[in-house]
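Written out below as structure tokens is the structure these notes cover.
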Amino acid sequence: MLGPEHLGAAVVLASGVLVGAINIYLAASLLPTAVADLGGATFYAWNMTAYLIAMVIATMLSGRFLSRWGNVGAYLLGFGTFTVGSLACAVSPAMAVLLASRGVQGLGAGLLSGLGFAVIRSALPPWLWTRGAALMSAMYGVGNFAGPALGGLFAQLTSWRLAFATMAAVSAVCCAIVPRVLPGGERSDARPPIPAVSLLLVMASAAAVSVAAVLPGTLTKAAGIAGGLLLLVGFAVHERRSGTRVFPRTTYQRGSSLKWVYLTLGLLAFGVAVESFLPLFGQRLAGLPPLVAGFFAAAISLGWSLTQIGSSSMTGEHAVRRLRVLGPVLLACGLLVQGLLQREDTPIWLVVVWVPVLFAAGSGIGLAYPHLSVAAMSSTSDPEEGGRAAAGIATVTSLSIAFGTAVAGVLVNLGGGSMLDSARYVMFGFTIICAVGALTARAVNRTSRMESPRATTTA
């Protein structure tokens, strides 16, 4: 995949996912410095909300942009929007302008994230789809690691505007090379209707969950999450009955494996959300300096990214089926062990043990994620529906991380004044939720056997 024939396409696809992933956490590290410069501390929490909601909506529309404009046109639009949004962030004179600019940035990032998976089908041959999916999903892990680090570096230099300008420059360079390395792809003059109701329901769900993460009190947080879940149920009911959908129609067909693929991917991505609070636990329970605690927390993302290198090489049908189930099991076991290792005034030797445990938890994501992604991409032979199925991977991932962050916030509040109890609630709660992924993965394997020979073989 990194040979001369496919290197350019792989770099563009990976860069699109990476800039979006980095900017999820980049601004979080820069925001204290930006608030000191611009004011508007009351809008602090909306920084992540505006970005994530825009990102989720754009990933849902990426298949339509791809059909209308082709690979090159859709990518130019994605990188162009991200560049404009980043430049607007860099020159923002007030917090309200910064938040609006983050929304524009999120639209570009979401489009690029959805395209990263969708364009694999046309930019790479089928025998490289697994490696391509591994590379795309690894960029989320790299972004979770690099975002806080780069944000902290620029914040240390008191140059938050320069950070956004740098991201704009990187995006502009990628935009310039798109026409040279990507195939044009198929274009259609047809203009399919926009699934407005579906988009509104998902936007409302993402907003409810994002707001729940910053609401005071456990009950209000739980109510926000419950409202978000109800809106998602309403989304699924509407999609099943509507002729204008976001996800492929096969998602809602009886006996289809695609819905179980999406659920398993969502539960794997859900587990990554514990990283939002690991630096807090490291500082409060082990007395780690903020920079060290931040890098320690990235062990899950590191395990996710590195494990995919080996996992994507597995091609045997039986091995792939085992990895789909083993991934959620390993993730849940890692979180369970991490919960059991939590202590007040944690000694340094135990902190050292935390790192491989969290790395192992992240490895569970890396084992299963690329094979589940390929199962989604190969769920249909229809190019348009296949592109929509692939773009759905990014939508599910973004939504799951948003939900996971809000749920983690509720579990932290359950601990009250005890940070040790908070850490245990988060780890044990996420263990139970992520363990459900083993059941949905088994459902993927079971239903895929009953589908067409082509789908089973390709998956």
Determine whether Arg102 and Asn23 satisfy the following criterion, side chain to side chain contact (heavy atoms under 4.5 Å, CB included), listing intermediate values before the conclusion.
CA-CA 9 Å; Arg102 282 285 282 167; Asn23 274 271; 4.0 Å; yes
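- The closest side-chain heavy-atom distance from Leu112 to Tyr75 is below 4.5 Å.
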Tabulate below the donor-acceptor pairs under 3.5 Å that side-chain atoms of residues 163-171 make, not counting sequence neighbours, or state none.
| unit_1 | atom_1 | unit_2 | atom_2 | d |
| --- | --- | --- | --- | --- |
| Thr166 | OG1 | Leu162 | O | 2.8 |
| Ser171 | OG | Phe79 | O | 3.0 |
| Ser171 | OG | Thr83 | OG1 | 2.8 |

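- Closest non-hydrogen pair, Ala58 versus Gly106, comes out as CB-O, 4.4 Å.
- Smallest separation of non-hydrogen atoms from Val17 and Gly116: CG2-CA, 4.1 Å.
- To the nearest 0.5 Å, the span separating CD on Gln338 from CZ on Arg424 amounts to 11.5 Å.
- At least one donor-acceptor pair closer than 3.5 Å links the side chain of Trp129 to the backbone N or O of Leu124.
- Leu111 places none of its side-chain heavy atoms less than 4.5 Å from the side chain of Thr59.
- With hydrogens and angles left out, the side-chain atoms of His371 and Ser311 include a donor and acceptor closer than 3.5 Å.
- The distance from the CG atom of Leu232 to the CG atom of Leu399 is 6.0 Å, given to the nearest 0.5 Å.
- Scanning all heavy atoms of the two residues, the minimum distance from Gly404 to Ala273 falls at C-CB, 3.3 Å.
- Considering CE of Met203 and CG of Leu199, their distance stands at 8.0 Å, rounded to 0.5 Å.
- Looking at Gln283, its side chain never comes within 3.5 Å of a backbone N or O of Leu288 through a donor-acceptor pair.
- Annotation: side chain of Val412 is in contact with side chain of Phe281 (closest heavy-atom distance under 4.5 Å).
- Here the closest non-hydrogen pair linking Leu372 and Val261 is O-CG1, 3.3 Å.
- Between Met136 and Tyr369, the closest side-chain pair of non-hydrogen atoms is not below 4.5 Å.
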If you apply the rule side chain to side chain contact (heavy atoms under 4.5 Å, CB included), what do you find for Val272 with Phe430, and how did you get there?
CA-CA 10 Å; Val272 180; Phe430 271 65; over 6 Å; no
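- At most 12 non-hydrogen atoms from other residues, nucleotides or ligands lie less than 6.0 angstrom from CZ of Arg284.
- Checked against the 6.0 Å centroid threshold, Phe403 and Phe270 do not count as a close aromatic pair.
- With rounding to the nearest 0.5 angstrom, the CG atom of Leu285 is 12.0 Å from the CG atom of Leu341.
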Under the criterion side chain to side chain contact (heavy atoms under 4.5 Å, CB included), I'd like the reasoning laid out for Leu13 against Leu135: C-alpha separation, chi angles, the key distance, then a yes or no.
CA-CA 9 Å; Leu13 269 60; Leu135 179 62; over 6 Å; no
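- Using a 4.5 Å heavy-atom cutoff, the side chains of Ser373 and Phe117 are in contact.
- For Leu229, the CG atom sits in a packed shell: over 12 heavy atoms of surrounding residues, nucleotides or ligands are nearer than 6.0 Å.
- Judged by distance alone, with hydrogens and angles left aside, the side-chain atoms of Arg161 form a donor-acceptor pair with the main-chain N or O of Ser92 at under 3.5 Å.
- The backbone N or O of Ala408 sits nowhere less than 3.5 Å from a side-chain atom of Tyr425 that would complete a donor-acceptor pair.
- With contacts defined as side-chain heavy-atom distances shorter than 4.5 Å, the pair Leu107/Phe82 does not qualify.
- Heavy atoms only, all atoms of each residue included: Leu182 and Ala123 are closest at CD2-CB, 4.4 Å.
- Between the side chain of Thr251 and the backbone N or O of Pro248 there is at least one donor-acceptor pair closer than 3.5 Å.
- For Arg131, there are no salt bridge (Lys or Arg N to Asp or Glu O under 4.0 Å) partners, not counting sequence neighbours.
- Put simply, the side chain of Thr81 never gets that close to the backbone of Gly108: no donor and acceptor are under 3.5 Å apart.
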Check the pair Val12, Cys174 against side chain to side chain contact (heavy atoms under 4.5 Å, CB included), reporting the backbone distance first and the verdict last.
CA-CA 6 Å; Val12 167; Cys174 293; 5.6 Å; no
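- Checked by atom type and distance alone, the side chain of Glu275 pairs as donor or acceptor with a backbone atom of Ser301 at under 3.5 Å.
- The closest donor-acceptor contact from the side chain of Ser400 to the backbone of Thr397 lies at 3.5 Å or more, if one exists at all.
- No side-chain heavy atom of Cys434 sits under 4.5 Å from any side-chain heavy atom of Leu268.
- Of all non-hydrogen atoms in Val352 and Pro356, the two that sit nearest each other are O-CD, 3.0 Å.
- Checked by atom type and distance alone, the side chain of Tyr262 pairs as donor or acceptor with a backbone atom of Ala389 at under 3.5 Å.
- Proximity of Leu201 to His238: side-chain heavy atoms (C-beta onward) are separated by under 4.5 Å at one or more points.
- Going from atom CG of Leu414 over to atom NZ of Lys221 covers 10.5 Å, rounded to the nearest 0.5 Å.
- Considering CE of Met427 and CG of Leu411, their distance stands at 10.5 Å, rounded to 0.5 Å.
- Of the possible polar contacts, one joining the Glu239 side chain to the Phe247 backbone as a donor-acceptor pair under 3.5 Å is found.
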